[in-house]
Protein chains: 2
Amino acid sequence: MARRKAGLGERHKKILKFLEKFQTENGYPPSIREIGENTNISSTSVVNYYLNQLEEMNFIERESNVSRGIRLVKTLEGNLVNAAQAITEMFSVPVIGRIVAGEPVPVPSSDFNYYDQETGIDIARSLLPPREKTSDLFALEVQGDSMIDAMVNDGDIVVMRPVSQANNGEMVAVWLADRDETTLKYFYLEDGHVRLQPANPQMKPIIIDNPAQVQVQGKVVLVIRRMEGA
Amino acid sequence: MARRKAGLGERHKKILKFLEKFQTENGYPPSIREIGENTNISSTSVVNYYLNQLEEMNFIERESNVSRGIRLVKTLEGNLVNAAQAITEMFSVPVIGRIVAGEPVPVPSSDFNYYDQETGIDIARSLLPPREKTSDLFALEVQGDSMIDAMVNDGDIVVMRPVSQANNGEMVAVWLADRDETTLKYFYLEDGHVRLQPANPQMKPIIIDNPAQVQVQGKVVLVIRRMEGA
DNA sequence: CTTGACATCGAACGTTTGTTCGTGTATGAT
DNA sequence: ATCATACACGAACAAACGTTCGATGTCAAG
């Protein structure tokens with residue numbers, strides 16, 4: 001057969017693809033024999049030969065004399081596999097519904113089992129402050145243009161934590177019963193009244209004299225806007 | 001010693017924490033002996049005993065007679081470890097600077113080596129359409145209130161792909177030389193002129209008669225807003 | 001035509017590794 | 001006091017596993 005050009009040959013690519021697939025599906029790497037079985041390589045020494053080359057080319061790292069001691073460093077697509085991309089570094093938040101102006105936020109009850117949800121949105125842990133807990137979060141999709149003053153578009157995903165009391169400066173979802181309206185605003189309790197400050201600095205705040213009329217339903221921790229057709 | 005209440009004992013927790021830590025650091029799970037060595041359990045059968053219990057409680061899954069055949073299902077914090085949280089499912093985009101109204105977008109040159117960047121933002125692959133490539137993306141942090149009409153706040157992270165030509169309906173960063181201004185708008189080329197449509201539906205578009213005056217610098221694929229103090 | 005590099009392979013070996021067994025202690029229930 | 005269960009442990013064993021060796025084939029360069 002023709003000599004290998006510098007770079008990946010067919011067998012390299014097959015092995016690399018299999019490594020990614022196996023690790024994704026199983027949560028641990030394959031053995032030398034499993035790699036061979038799935039790439040039509042009948043000899044463990046040939047698999048070893050190719051793994052050594054993938055290591056030289058910085059696609060993987062190997063630990064000597066360790067079973068399944070293969071760590072992906074770079075994918076076939078060229079993306080670095082960051083050590084930070086670990087089990088605890090990404091999590092799913094269930095998208096449990098829509099947020100619209102005319103209805104209260106559908107805050108899940110505390111015993112709601114999110115994990116049955118098929119729809120969720122994946123979030124890198126590093127997008128939240130280290131002290132923020134990742135449990136109990138839920139996400140809502142914005143429907144309509146009613147949250148413009150919060151700088152939030154139709155279709156945006158708002159990730160929230162259920163709270164019933166807010167601290168000053170936090171962006172919260174509040175239900176204003178006398179207006180039949182949910183709104184997203186920065187919350188300030190000052191001099192016995194509530195100031196709900198829009199994110200858009202060109203808009204004026206809502207002043208609520210009776211704080212009891214403000215039902216805080218959740219605190220916004222993240223907003224994600226995906227571009228349609230991007 | 002006292003009988004175990006239903007739920008996790010001290011040794012369960014130590015083992016679970018070690019599993020998370022080892023997998024994060026090594027890219028593959030530990031062996032029974034490595035678990036024992038790091039949790040002060042001198043016997044492989046005791047480690048086996050506890051792993052079986054963790055499996056019963058749905059924290060892990062095990063493959064019989066497979067070395068390092070342990071798959072984390074749930075972390076100590078209670079988060080599900082999703083199969084989607086795999087090597088290729090999260091990646092980093094370098095945050096290479098700021099986007100401000102008065103300067104062109106600092107589009108990186110095509111041979112820029114992002115991976116040396118220490119600052120990056122982690123993004124779940126699932127936030128982008130499946131056909132969107134993850135290479136070549138870069139991120140900018142918005143500085144100032146000048147992108148309000150794009151519904152983008154000071155401090156938001158805008159993830160972009162360098163392009164010099166846009167398709168209709170895509171949100172792009174364009175540099176308007178005659179105005180000395182960068183703006184984020186939805187791009188439409190129609191009847192020989194360019195319509196730059198703000199994201200805020202209450203604002204009017206910019207009409208540019210001479211399309212040559214519109215320098216498309218990048219296409220927005222994602223916007224992320226983290227809440228300060230969240 | 002010869003040589004060296006690369007690729008391929010089976011076999012053997014020793015180490016790594018998980019499972020099983022038997023034993024002992026402590027505790028709560030009867 | 002007895003029994004059942006949980007917890008703890010060392011030892012032994014066999015299978016899983018990675019590495020090494022020697023052999024063979026192909027191809028490009030000289």
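Remark: C1' of C/dT17 and OH of B/Y28 are 14 Å apart, rounded to the nearest angstrom. One can place CG of B/L54 at 15 Å from C1' of D/dA6, the figure rounded to the nearest angstrom. Rounded to an integer number of Å, the gap from B/R11 CZ to D/dA6 P is 17 Å.
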Practice prompt. Please lay out, stage by stage, how B/L222 and B/L127 fare under the test side-chain contact (heavy atoms from CB on, under 4.5 Å).
Written response: CA-CA 8 Å; B/L222 196 64; B/L127 293 182; 4.2 Å; yes
Discussion item. Applying side-chain contact (heavy atoms from CB on, under 4.5 Å) to A/R71 and B/N26, what does each step give before you reach the verdict?
Written reply: CA-CA 7 Å; A/R71 176 170 45 255; B/N26 292 279; 4.1 Å; yes
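Under 4.0 angstrom from either OP1 or OP2 of D/dC7 there lies at least one side-chain N or O belonging to B/Q53. Taking only side-chain nitrogens and oxygens, A/Y49 never comes nearer than 4.0 Å to OP1 or OP2 of C/dC6.
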Response to the item:
Nucleotide by nucleotide, nucleotides 14-20 of chain D touches protein heavy atoms under 4.0 Å in the pattern (B base, S sugar-phosphate only, - none) --SBBBB
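Partner A/V220 forms a side chain to side chain contact (heavy atoms under 4.5 Å, CB included) with one of A/V159, A/V152, A/V158 and no other, that one being A/V158.
Separation of atoms OG (B/S45) and CG (B/N52) is listed at 10.5 Å; rounding is to 0.5 Å. To the nearest 0.5 Å, atom CD of residue A/E34 and atom OG1 of residue A/T44 are 13.5 Å apart.
Using a 4.0 Å cut-off between charged nitrogen and carboxylate oxygen, B/E25 and B/K21 count as a salt-bridge pair.
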